[in-house]
**Q** 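Handing you a structure now.
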Amino acid sequence: MDRRTLITSGTVALAGVAATSAQASSSKTPAEAPALSIPGVGLPVIADGRLRNYVFVSLKLHIGGGKTVEQMRPKEAFFRDALVKAAHRTPFTVAGDWTRLDENRMSAALVAAANAISGRGSVARAEIIAQNPRLRAGMTPGV
């Protein structure tokens, strides 16, 4: 083989690789919306006016409104603070269970707080990833 044949065959091979990778990227599912992870927020479980337990919640804020993760990351402390304040004001306690919290109420409170913290529509939704109670055994009323 001479040099001209090698260059031509190399170009054809590279063109084939580029076409294959372009097809692969177009067949993938669309990219997931940006999200900000917030691990380990300790929230109280309050029942009958008494502190019964703490549940450590990990969550993910799905970002909307043209915001980026880089714009939202500096506001993470404000999101944590708003969630803890909301949990003390109106506890997210599930009746009859001191080891978990109401995910729907937590999510709604956090999205509402995000409107004030970072602007309307900046957080599309809040997803609760995990709930880990501090005390796990014997934490239900009547036990």
Side-chain angles (χ1 to χ4, degrees), residues 4-143:
R4 188 172 175 193
T5 307
L6 286 174
I7 291 172
T8 306
S9 63
T11 304
V12 170
L14 287 177
V17 170
T20 305
S21 58
Q23 290 170 347
S25 65
S26 66
S27 65
K28 290 182 183 177
T29 58
E32 189 174 310
L36 177 66
S37 294
I38 301 178
V41 180
L43 301 175
V45 175
I46 300 172
D48 302 322
R50 296 180 57 198
L51 177 65
R52 303 296 183 163
N53 199 3
Y54 280 97
V55 176
F56 294 89
V57 178
S58 296
L59 45 104
K60 186 185 289 190
L61 297 180
H62 294 271
I63 299 171
K67 300 282 187 175
T68 64
V69 174
E70 290 77 25
Q71 291 173 320
M72 300 294 278
R73 188 166 286 124
K75 300 175 192 261
E76 179 183 342
F78 295 104
F79 294 128
R80 288 174 174 272
D81 182 59
L83 187 59
V84 170
K85 285 180 179 177
H88 281 86
R89 202 172 32 252
T90 308
F92 303 125
T93 306
V94 173
D97 190 351
W98 296 345
T99 59
R100 65 186 178 95
L101 299 172
D102 186 340
E103 293 183 4
N104 293 330
R105 289 181 27 223
M106 258 191 296
S107 179
L110 194 51
V111 170
N115 288 335
I117 294 168
S118 56
R120 181 168 294 287
S122 60
V123 173
R125 66 185 178 100
E127 177 184 0
I128 310 305
I129 303 298
Q131 294 190 42
N132 299 308
R134 182 173 177 262
L135 301 173
R136 297 174 193 268
M139 295 306 299
T140 55
V143 175

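The model shown is predicted, which means the values in this text are computed figures rather than measured ones. When a residue number appears, it is its place in the shown sequence, counting from 1.
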**Q** Are any of the side-chain heavy atoms of Phe78 and Ser118 separated by less than 4.5 Å?
**A** no
**Q** So do the side chains of Leu101 and Ile128 get within less than 4.5 Å of each other, counting heavy atoms only?
**A**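 The answer is no; the side chains never approach within 4.5 Å.
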**Q** Specify the closest pair of heavy atoms between Val41 and Arg80, including all atoms of both residues, with the distance to one decimal.
**A** CG2-NH1, 3.4 Å
**Q** For the CD1 atom of Ile129 and the CG atom of Asn132, what is their distance to the nearest 0.5 Å?
**A** 12.0 Å
**Q** Could you walk me through whether Val55 and Arg100 pass the side chain to side chain contact (heavy atoms under 4.5 Å, CB included) check?
**A** CA-CA 6 Å; Val55 176; Arg100 65 186 178 95; 5.7 Å; no
**Q** Hey, does the side chain of Arg52 reach the backbone of Ala47 with a donor-acceptor pair shorter than 3.5 angstrom?
**A** yes
**Q** Show the nearest heavy-atom pair for residues Gln131 and Val57, with the distance to one decimal.
**A**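 That would be CG-CG2, 4.4 Å.
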**Q** What's the separation between atom NE2 in His88 and atom CG in Leu83, rounded to the nearest 0.5 Å?
**A** 10.5 Å
**Q** Can you find a pair of side-chain heavy atoms, one from Arg73 and one from Leu36, that are under 4.5 Å apart?
**A**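 Arg73 vs Leu36: side chains touch.
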**Q** Quick one: are Ile63 and Gln71 in side-chain contact, heavy atoms under 4.5 Å?
**A** no
**Q** Does the side chain of Val123 reach to within under 4.5 Å of the side chain of Met72, using non-hydrogen atoms?
**A** yes
**Q** Can you tell me how far CZ of Arg136 sits from OG1 of Thr99, rounded to the nearest 0.5 angstrom?
**A**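 Spacing of OG1 (Thr99) from CZ (Arg136) equals 9.0 Å.
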**Q** How about Lys85 and Asp81: do any of their side-chain heavy atoms sit closer than 4.5 Å?
**A** yes
**Q** Output all residues satisfying salt bridge (Lys or Arg N to Asp or Glu O under 4.0 Å) with Arg105, sequence neighbours left out; order by chain, then residue number.
**A**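 Expected list: Asp102.
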**Q** Report yes if the side chains of Lys67 and Lys75 come closer than 4.5 Å at any heavy-atom pair, otherwise no.
**A** no
**Q** Check for a donor-acceptor pair, side chain of Ser122 on one end and backbone N or O of Gly65 on the other, with a separation under 3.5 Å.
**A** no
**Q** Got a donor-acceptor contact below 3.5 angstrom from the Ser107 side chain to the Ala126 backbone?
**A**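 Flag set: sc Ser107 to bb Ala126 pair under 3.5 Å.
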**Q** What's the shortest heavy-atom distance between Pro34 and Val69, and which atoms?
**A** CB-CG2, 3.7 Å
**Q** List the atom of Ser58, the atom of Gly40, and the distance in Å for their closest heavy-atom pair.
**A**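 Scanning both residues completely, I find the closest heavy atoms to be OG-N, 3.4 Å.
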**Q** Which heavy atom of Ala86 sits nearest to which heavy atom of Phe92, and what is that distance?
**A**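 For Ala86 versus Phe92, the nearest heavy atoms are CB-CZ, 4.0 Å.
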**Q** With a 3.5 Å distance limit and no angle check, can you tell me whether Asn53 reaches the backbone of Leu135 through a side-chain donor-acceptor pair?
**A** yes
**Q** Could you measure the distance from the CZ atom of Arg125 to the NE2 atom of His62? Nearest 0.5 Å is fine.
**A**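 These two atoms lie 3.5 Å from each other.
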**Q** If every non-hydrogen atom of Gly42 is compared with every non-hydrogen atom of Val84, which pair is closest and at what distance?
**A** O-CG2, 4.0 Å
